[in-house]
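First the proteins, then the strands, lettered A, B, ... as listed; each starts at 1.
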Amino acid sequence: MADLSVELASLALRNPILSASGTFGHGLEMEHFSPPHTMGGLVSKTVTLRPRPGNTAPRIHETEAGFLNSIGLENRGIGAYLRDVLPRVADADTRIFTNIGGEEAGEFAELASMLDERDEVDALEVNLSCPNVGGGRLPFSTDPALAERVMRGVREATDKPVFAKLSPNVTRIGEIARGAEAGGADGVTAVNTLLGMAVDWRHRKPRIASVQAGYSGTGIKPVALRCAWECARAVDVPVIGCGGVGSAEDVLEFVVAGCSAVQVGTAAFSDPALPGTLAEHLDDLLEAEGVASVRELVGSLDREGRAPA
Amino acid sequence: MPAPPPDARSFTATVSAVVACGTDGVLLSVRPPQPLPPLRAARFFMLRREDGASPAIPRPFSLYRQADDELVFLVKVTGRGTRALAACEAGSKLRVIGPLGNGWPDLDGDGGPWVMLAGGIGSAPFFMAIEQALSGLGAAPALAAENLCLLYGASTAGFLYDLERFEELGVRVLVATDDGSRGFRGNVCELLEREWEAGGLPRDVRLLACGPDPMLHAVERLARARELSCWLSLEELMGCGVGICNGCPVPTRPEGPLGAWPNAKCCVEGPVFSTEEISL
């Protein structure tokens, strides 16, 4: 057995496999498909201060190599999360990450301080990047100073580890990661969905009611890998990779590129049991390769010379 | 937070038969690794091929029949995913997620007769519903055949899938086609009105409907106008089928039994909703 355990800042995980926010429910909804004990951690769907009814349908559309969604952060708000969800994850045999979203910096801090009091929560992930909310409003994740401000507010509101989830829809993601780090982030998650769109030309209609949507799945893996690699070079805190992960091979690609952990998202829609099998497959791969610990491979990308054919 | 049904699992199953049905459909028989207990009609499964021929996201299909430890699905070919399923051969491997959703309510004998309104491929959740009503299921004892009536409509006769087998079930089956190629010329709502006028059905029927959106809207309007109990089995785009992706919202009635939240999840709170719960 290879050693799959990793550390994200002060947080020890049994393995580097996390669920990606929005693809695994708020709590233990997926436990019959991918049992909590098979996962390093579960990241909740984004929780906001006030309830959000979400966007008009159609909200989803599958494309050639991935999946478009514009859900609009539908959730029942932090009150319902604290009351109805957290008590049910109290005994979960995995780490619980709560993903929070807000419309202004103060909302993130307020959410963080409410969650700080709850022992069920092991860490926070801050959604700086969801492209679906509001009209032409730029996300926090497009400006290093804004990212820093949000993360500083969150940092001051909680002692729990906090991770900044970044958007790939920027020119230099490394600078955003540095902003988040300067604000006190214990790590960054790279990346959220790419902005995308699909059209039904016969009916002259967008496939998604809000027109623009978040693009995820297999097709975004090269972009996500590049973003994660750029972040890992830019910051000293751990990077969590996310985007198009569907196999243990994919996990190791992100690890070698510099990620300490990896999130699996859209692949859970293809098979909700898949996330729970990744750690075992990872173990098999490492054993076969003679690698004792997955930690040895973090950031081990060798740029000298060519890879053997 | 609605969760997936506790009996739902993700597994690989083997196709045992693909038989043409109607102009553009197939009956797809699938053998799961372990037999499933009898399932309530109108529950559904997410299906995709495991060899890469299907889209990556599985698609929802109502359970049509359960027989000899197999699950049978009635599939209308409309695009890439359904074409891939129809092109399966015996031995093809499928990713199967389910059973999902709630299914029809118990068809009890404590009120007016049950009238089932099927539109085209919307007949899929009714075959087992009739079988189960006649034999009894859940808290409901066996129902006499005269308490059930199927009004089966389609644009044309070729989309009346498996009609002969429906007619062999022993309940009254009335047929309507838009082009008059079989049965009554018109749609199922018009056929129901005609039956009421002719005295073929009492006024206090209870409605179950599954079919295309315009038909379901019409059934909902008719049920509200006549104050009839009515359940609709809905089809929505689904990303996961298990209540996670929030891709299949159905508008709820603010004063209804589902509470004040504006959306229900079709996959885990449906696909069957009463018209007290939702409004299309």
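Counting heavy atoms from C-beta on, the side chains of T23(A) and C245(B) never come closer than 4.5 Å. At least one side-chain heavy atom of M30(A) sits less than 4.5 Å from a side-chain heavy atom of I244(B). A 4.5 Å side-chain heavy-atom check between F269(A) and V242(B) finds every atom pair outside the cut-off.
Proximity to chain B is limited to the side chain of F33(A), based on heavy atoms less than 4.5 angstrom apart. With a 4.5 Å cut-off on non-hydrogen atoms, M46(B) does not touch chain A at all. For L237(B), the parts lying near chain A are the backbone and the side chain together; criterion is any non-hydrogen pair under 4.5 Å.
Closest non-hydrogen pair, E74(A) versus W261(B), comes out as OE2-NE1, 2.8 Å. Closest approach of R59(A) to N246(B), counting heavy atoms only: NH1-O, 2.8 Å.
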As a quick check of understanding, evaluate salt bridge (Lys or Arg N to Asp or Glu O under 4.0 Å) for E62(A) and R59(B), giving each step before the final call.
CA-CA 11 Å; E62(A) 185 172 354; R59(B) 300 295 196 265; 2.7 Å; yes
Please step through side-chain contact (heavy atoms from CB on, under 4.5 Å) for the pair S270(A) and R48(B), ending with a clear verdict.
-> CA-CA 8 Å; S270(A) 292; R48(B) 69 170 165 82; 3.9 Å; yes
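If you take CG on D271(A) and CD1 on I57(B), they are separated by 11.0 Å, rounding to the nearest 0.5 Å.
In this structure, the side-chain contact (heavy atoms from CB on, under 4.5 Å) partners of D250(A), at least two apart in sequence or on a different chain, are K221(A), V245(A), S247(A), E253(A).
A 6.0 Å sphere centred on CD of E276(B) holds no more than 12 heavy atoms belonging to other residues, nucleotides or ligands. Annotation: D91(A), atom CG; neighbour count of heavy atoms from other residues, nucleotides and ligands within 6.0 Å does not exceed 12. Counting non-hydrogen atoms of neighbouring residues, nucleotides and ligands closer than 6.0 angstrom, the CD atom of E235(B) reaches no more than 12 such neighbours.
The stretch residues 25-32 of chain B places none of its residues near chain A, where near means some heavy atom under 4.5 Å from a heavy atom of that chain.
Listed options L28(A), N75(A), L274(A) were ranked by heavy-atom pairs under 4.5 angstrom with chain B; first place goes to N75(A). Between chain A and the residues G239(B), P262(B), C248(B), C240(B), the largest count of heavy-atom pairs under 4.5 Å involves G239(B). Of the listed residues G25(A), P58(A), G27(A), the one with more heavy-atom pairs under 4.5 angstrom with chain B than any other is G25(A).
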